[in-house]
Chemist: 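One structure follows; several queries about it will come next.
Only heavy atoms go into these numbers, but all of them, side chains included; no hydrogens, no water, no symmetry mates. Chain letters run A, B, ... following the sequence lines, proteins first and then strands; every chain starts at 1.
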Number of protein chains: 2
Amino acid sequence: MSITESHRVEQLDAGLSFAATPALRIAVVDRDTGFGTVLRRRAESLGWQQRDLTQVPAIDALVSMRLHALVIDPTLLGPQWAETIEYLRGNLPEMAIVVTTAPSSVGQRVRGIRAGADDWITKPCHPEELIARIESIMRRRKPAQGLTREPILAGDLSIRADQFQAFCEGRSLDLTRREFELLHLLADNPGNVLEREEIYQRVWGFQMAHGDRSVDVFIRKLRQKITLFSPGWDYIHTHFGVGYRFSPELPVAEKPVSAKAASAKRKAASVGKAAA
Amino acid sequence: MSITESHRVEQLDAGLSFAATPALRIAVVDRDTGFGTVLRRRAESLGWQQRDLTQVPAIDALVSMRLHALVIDPTLLGPQWAETIEYLRGNLPEMAIVVTTAPSSVGQRVRGIRAGADDWITKPCHPEELIARIESIMRRRKPAQGLTREPILAGDLSIRADQFQAFCEGRSLDLTRREFELLHLLADNPGNVLEREEIYQRVWGFQMAHGDRSVDVFIRKLRQKITLFSPGWDYIHTHFGVGYRFSPELPVAEKPVSAKAASAKRKAASVGKAAA
DNA sequence: ACTAGGTGTGAACGACTTGTGAACAAGACC
DNA sequence: GGTCTTGTTCACAAGTCGTTCACACCTAGT
């Protein structure tokens with residue numbers, strides 16, 4: 001029983017730090033601007049940002065909005081509404097999709113939810129309930145979302161999220177935003193192999209299209225810039241058929257041997273470098 | 001638009017393998033046994049396990065049920081219903097909580113959802129909608145994979161899903177992706193004999209063609225690489241006419257009874273000779 | 001034992017993945 | 001309107017890996 005007790009305490013603690021929903025960005029797609037207005041009053045008092053739209057934007061535009069939730073009336077989507085929801089869900093798996101409609105049939109609701117909607121609310125609907133339901137969905141979010149805000153030190157590099165930039169011995173690597181986000185993601189999971197799909201998903205924000213080489217190209221740019229400032233280290237390692245792994249290592253000219261030998265060589269190399 | 005198209009197709013593919021929600025365990029707490037009965041018919045046809053209860057069990061009992069979702073009517077919880085939900089949510093953060101009630105006020109719904117309910121459905125409610133909503137909640141959970149993400153220790157090996165690689169005393173076995181996935185699948189079901197068909201299905205992702213020997217070939221490659229790093233252990237065992245079984249065993253030099261052991265010995269001897 | 005079919009093994013081909021440079025498109029800024 | 005920066009797409013080269021095939025060997029039932 002004491003175990004259960006300690007359980008509870010921990011859980012509640014975790015719950016509290018979670019419950020304080022941070023400011024969310026939502027968009028309302030509806031013809032009835034009145035509903036958006038009412039909702040906005042409540043949302044903004046919570047510090048949320050709300051955007052009112054009269055149609056669903058293109059995926060790229062949606063991505064750049066970095067929404068947490070989309071509130072949508074499917075009557076605006078035409079007969080292909082379910083496919084549209086499926087499409088949105090596929091490309092923005094992190095974004096909550098809340099459907100609001102006039103009274104609907106069970107079949108419609110099931111179809112919408114199966115297509116990827118997180119909730120289906122019948123209008124008229126109290127804004128407070130809508131907000132509570134969005135919070136409920138957000139609560140389920142995988143916490144893996146955020147990356148460290150702390151500076152990351154790896155090899156000769158320091159990666160600073162607060163600056164959106166990486167430095168080597170105080171000098172900026174002059175990374176672009178995407179380059180930095182890619183490096184930050186990799187460096188935040190040192191030693192782990194990240195698949196291309198996941199990288200794309202987390203840096204670009206949507207599903208990777210088949211044959212897209214963007215990740216490879218940015219890896220090349222990253223390696224180029226990093227090598228320029230910090231040669232003598234291998235930071236990004238390719239895993240054939242899988243993806244990339246970040247892990248600062250001294251390239252062993254001879255052959256991959258035991259970790260002990262590698263570390264010895266590392267010491268030697270760094271000494272040599274210091275001397276030079 | 002062609003990009004968007006290929007996008008979509010992939011999504012549907014991914015969606016399919018996703019949509020097949022694995023068997024869930026749910027419990028229904030309600031006075032109206034009729035609702036539970038109707039729901040059970042649908043749930044069991046999906047392979048779900050359902051348990052009908054007339055009151056909320058103690059936390060320990062709930063924990064041991066390992067439920068994915070709890071469907072509950074708050075009128076059974078008395079005046080402290082919201083606190084009870086909060087308590088459940090705190091102690092079982094992974095479990096979905098779905099509230100079903102007769103028509104209720106906005107205030108009640110908001111309170112219930114804020115307390116931790118994942119959804120609030122008004123009765124009467126179609127079982128299909130309830131199921132769809134539970135699936136929607138489950139969709140937000142990450143893993144979705146059938147395999148463990150935790151490192152697996154077996155004999156001298158450690159198999160790490162996060163690295164897509166197996167190690168023996170810290171040294172990488174240098175497995176390719178397929179090799180690793182095969183080993184991972186086997187090692188995740190230690191002691192179980194997996195049929196070729198199933199292996200192919202789960203590693204390659206589609207139906208095995210008649211006469212396909214890929215599984216055999218990869219088993220050989222695996223055994224080769226594993227033996228290289230960890231001789232002295234038998235990890236993968238052949239079951240004639242069936243498939244393979246993973247189970248780290250120390251081959252007993254004594255028992256010459258089994259023909260299998262004999263052939264293994266012969267093999268080892270010939271390898272040794274070749275090396276010498 | 002004998003045989004039919006299942007399994008182990010090695011090698012070779014071909015398909016796919018990745019690295020790389022450069023052209024192209026889209027915005028930001030002056 | 002230009003120019004610069006940034007991100008995307010293309011084409012080609014160089015590797016890597018997966019599949020297939022042939023053949024030897026083993027198993028199980030007759």
Chemist: Without decimals, in angstroms, what is the distance between B/D212 CG and D/dG18 C1'?
Modeler: 10 Å
Chemist: Could you label the plane-to-plane angle of the B/F246 and B/Y235 rings as parallel, tilted or perpendicular, counting under 30° as parallel and over 60° as perpendicular?
Modeler: parallel
Chemist: Going by side chain to side chain donor-acceptor pair (under 3.5 Å), name the residues that satisfy it together with A/Q165, two or more places apart in sequence or in a different chain.
Modeler: none
Chemist: Look at A/S214 and D/dG7 and indicate whether a side-chain polar atom (N or O) is within less than 4.0 Å of OP1 or OP2.
Modeler: no
Chemist: With sequence neighbours excluded, tell me which residues meet ring pair (Phe, Tyr, Trp, His ring centres under 6.0 Å) with A/H184.
Modeler: A/F180
Chemist: Is any side-chain heavy atom of B/I152 closer than 4.5 Å to one of B/S158?
Modeler: no
Chemist: For the rings on A/F229 and A/F167, is their centre-to-centre separation under 6.0 Å?
Modeler: no
Chemist: Please report, rounded to the nearest Å, how far the C1' atom of D/dG15 is from the CZ atom of A/F240.
Modeler: 7 Å
Chemist: Would you please confirm or rule out a distance under 4.0 Å between OP1 or OP2 of C/dT7 and any side-chain N or O of B/R196?
Modeler: yes
Chemist: Is the phosphate of D/dT8 approached by A/R178 (side-chain N or O, under 4.0 Å from OP1 or OP2)?
Modeler: yes
Chemist: Identify the heavy atoms of A/V215 and A/L182 that sit nearest to each other, and give their distance.
Modeler: O-CD2, 4.4 Å
Chemist: To the nearest 0.5 Å, tell me how far A/L185 CG sits from A/N192 CG.
Modeler: 10.5 Å
Chemist: Is the distance from OP1 or OP2 of C/dG19 to the nearest side-chain N or O of A/Y244 less than 4.0 Å?
Modeler: yes
Chemist: For B/E195 and C/dT7, give me the distance from atom CD to atom P, rounded to whole Å.
Modeler: 11 Å
Chemist: In whole angstrom, give the distance that lies between atom CG of B/L175 and atom P of D/dC17.
Modeler: 11 Å
Chemist: Looking at D/dT5, I'd like to know if its phosphate oxygens (OP1 or OP2) sit under 4.0 Å from a side-chain N or O belonging to A/T176.
Modeler: no
Chemist: Strictly below 4.0 Å, N to O, side chains only: are B/E181 and B/R177 in salt-bridge contact?
Modeler: yes
Chemist: Under 3.5 Å, which donor-acceptor pairs link side chains of residues 50-57 of chain A to any protein atom two or more places apart or in another chain?
Modeler:
unit_1	atom_1	unit_2	atom_2	d
A/Q50	OE1	A/R40	N	3.1
A/Q50	NE2	A/G36	O	3.0
A/Q50	NE2	A/D52	OD1	2.8
A/D52	OD2	A/R40	NH2	2.9

Chemist: Atom NE2 of A/H210 to atom C1' of C/dT17: distance rounded to whole Å?
Modeler: 11 Å
Chemist: Rounding to an integer number of Å, can you tell me how far A/Q165 CD sits from D/dT6 C1'?
Modeler: 14 Å
Chemist: Write down the distance between CD1 (A/I236) and P (C/dT18), rounded to a whole number of angstrom.
Modeler: 14 Å
Chemist: Any residue in residues 215-228 of chain B with a heavy atom nearer than 4.0 angstrom to DNA chain C? Just list them by number, or reply none.
Modeler: B/D216, B/R220, B/R223, B/Q224
Chemist: Does D/dG18 have its OP1 or OP2 closer than 4.0 Å to a side-chain nitrogen or oxygen of B/W204?
Modeler: no
Chemist: Please give, in whole Å, the distance from C/dT17 C1' to A/M208 CE?
Modeler: 11 Å
Chemist: If the test is side chain to side chain donor-acceptor pair (under 3.5 Å), which one of B/H237, B/R196, B/E195, B/R223 qualifies with B/Y244?
Modeler: B/R196
Chemist: Classify the side chain of B/R213 versus the base of C/dG8 as yes if they form a donor-acceptor pair under 3.5 Å and no if they do not.
Modeler: yes
Chemist: Less than 4.0 angstrom from a charged side-chain N to a carboxylate O is my criterion; do A/E197 and A/R202 meet it?
Modeler: no
Chemist: Could A/R140 and A/D118 be called an ion pair, given the rule that one side-chain N must be under 4.0 Å from one carboxylate O?
Modeler: no
Chemist: Using a cutoff of under 3.5 Å, can you pull out all pairs of nitrogen or oxygen atoms linking the protein to nucleotides 28-30 of chain C, with atom names and distances?
Modeler:
none

Chemist: In degrees rounded to 10°, what angle is found between the helical axes fit to the five outermost pairs at each end of the helix from C/dA1-D/dT30 to C/dC30-D/dG1?
Modeler: 40°
